[in-house]
Amino acid sequence: MAGGSSLGTTDLTILLVLMRLGDEAYGVTIAREIEETTRRPVALASVYATLDRLVERGFAVSELGEPTAERGGRAKKYFRITGRGVREVRAAKQSLVKLWKDLPQLG
Amino acid sequence: MTLRQPPPFAGRLLKRLVPTQDHDVLLGDLSEEYQRGRSTAWYLLQILAAIIVGSWRDVRTHRITAARAVITGILAQMLLLSAFSPLQNVLTGAGFMWGNKWFGLPWYWHWPYDSSLGIVMQAIWIAGEVMVGWLIVRLHRGHGVTMVLVYCCVIGALRAVGLLQIARATGSPHLLTLLYWSANGQIREWLLMIAGGYLASRPAKTT
């Protein structure tokens with residue numbers, strides 16, 4: 001991507017969802033938010049693959065919650081965007097706004 | 001509130017086929033959604049997606065191991081091909097070549113049922129394909145069946161390219177028919193190798 005952002009579309013989508021969900025961002029809520037927004041089914045495994053990549057790159061952090069019976073005794077993993085992640089999202093937004101500007105086809 | 005239990009074999013299958021990753025958080029999410037009314041079909045499709053995504057991630061982080069698995073599979077399959085013809089000779093009762101020398105077999109060795117020879121040879125071929133998959137996974141056990149899936153993809157791609165070359169060279173108008181029949185055999189080969197790989201993989205630890 002132009003303008004100094006190294007985010008792909010999926011990475012950017014997930015980071016935006018993390019910003020929207022705040023403290024409630026974990027696999028289920030993230031996937032639901034993406035499904036509602038894009039109107040397409042989402043594989044939870046691919047969400048986690050992207051989240052792990054974002055954590056490795058320092059754009060997000062994760063933290064384990066408490067296990068529950070509903071989850072078969074397994075804990076949730078919550079994710080939060082980092083300051084570095086927010087800067088990347090801003091850079092991506094600037095790039096996209098420049099690219100979208102004044103395109104007659106988009107009205 | 002009675003909790004719906006998701007299919008237990010699906011989670012165990014995921015852990016067995018892709019053992020290099022921790023799937024507990026994902027399985028917890030799937031279980032949570034299942035409680036909220038998602039169907040069994042949805043659950044199983046999510047597990048399938050997890051197997052594919054997990055395998056892909058495994059290959060990306062272990063490229064050299066994947067290359068080694070492909071070479072292992074090719075060598076195993078070459079061994080199978082080279083053993084098939086002598087084995088057929090032995091089973092027909094004629095004998096076999098060793099270097100330049102022919103070894104005839106005694107009369108009591110001869111395979112008495114010509115009509116069932118085809119079945120026996122098919123069984124040997126099937127067992128051979130299962131062994132190829134078994135060997136690949138056994139030598140790369142820490143990766144579940146990921147490496148067998150890699151081998152299947154590479155072989156499928158090479159065969160598809162080979163078929164296209166043949167079709168172009170011969171000017172064959174029946175490329176689709178050729179691809180259809182080839183795909184049938186290829187899918188059967190893949191399933192047998194994956195079955196062999198599954199047999200060689202370690203059972204998932206129950207929690």
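Below, chain A is the first sequence line, B the second, and so on; all start at residue 1.
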Examine whether an atom of A:Arg53 lies under 4.5 Å from a heavy atom of chain B, and if so say whether it belongs to the side chain, the backbone or both; otherwise answer neither.
-> neither

side-chain contact (heavy atoms from CB on, under 4.5 Å), paired with A:Leu44, selected from B:Leu27, B:Leu26, B:Val53, B:Val25 | B:Leu26

Region of B:Trp42 that comes under 4.5 Å of a non-hydrogen atom in chain A = side chain

Is any side-chain N of the basic residue among A:Arg71 and B:Asp29 closer than 4.0 Å to the acidic one's carboxylate O?
-> yes

Going by atom types alone, do B:Tyr43 and B:Ser31 pair a side-chain donor with an acceptor below 3.5 Å?
-> no

Heavy-atom distance under 4.5 Å to chain A: side chain of B:Arg36, backbone, both or neither?
-> side chain

Indicate whether the side chain of A:Tyr26 and that of B:Glu32 have a donor and an acceptor atom separated by less than 3.5 Å.
-> yes

Contact class of A:Ala69 relative to chain B, heavy atoms under 4.5 angstrom | both

Tell me, out of B:Pro6, B:Ala50, B:Gly28, who's got the most heavy-atom pairs with chain A below 4.5 Å.
-> B:Gly28

Should the pair B:Glu129-B:Arg188 be classified as a salt bridge under the 4.0 Å nitrogen-to-oxygen rule?
-> no

Check whether the side chains of A:Tyr48 and B:Gln21 place a donor and an acceptor atom closer than 3.5 Å, and report yes or no.
-> no

Part of A:Val42 within contact of chain B (heavy atom distance under 4.5 Å) | backbone

Specify which of A:Ala49, A:Gly72, A:Ser46 makes the most heavy-atom pairs with chain B at under 4.5 Å.
-> A:Ala49

Under 4.5 Å heavy-atom distance to chain A, tell me which part of B:Arg38 shows up: side chain, backbone, both or neither.
-> side chain

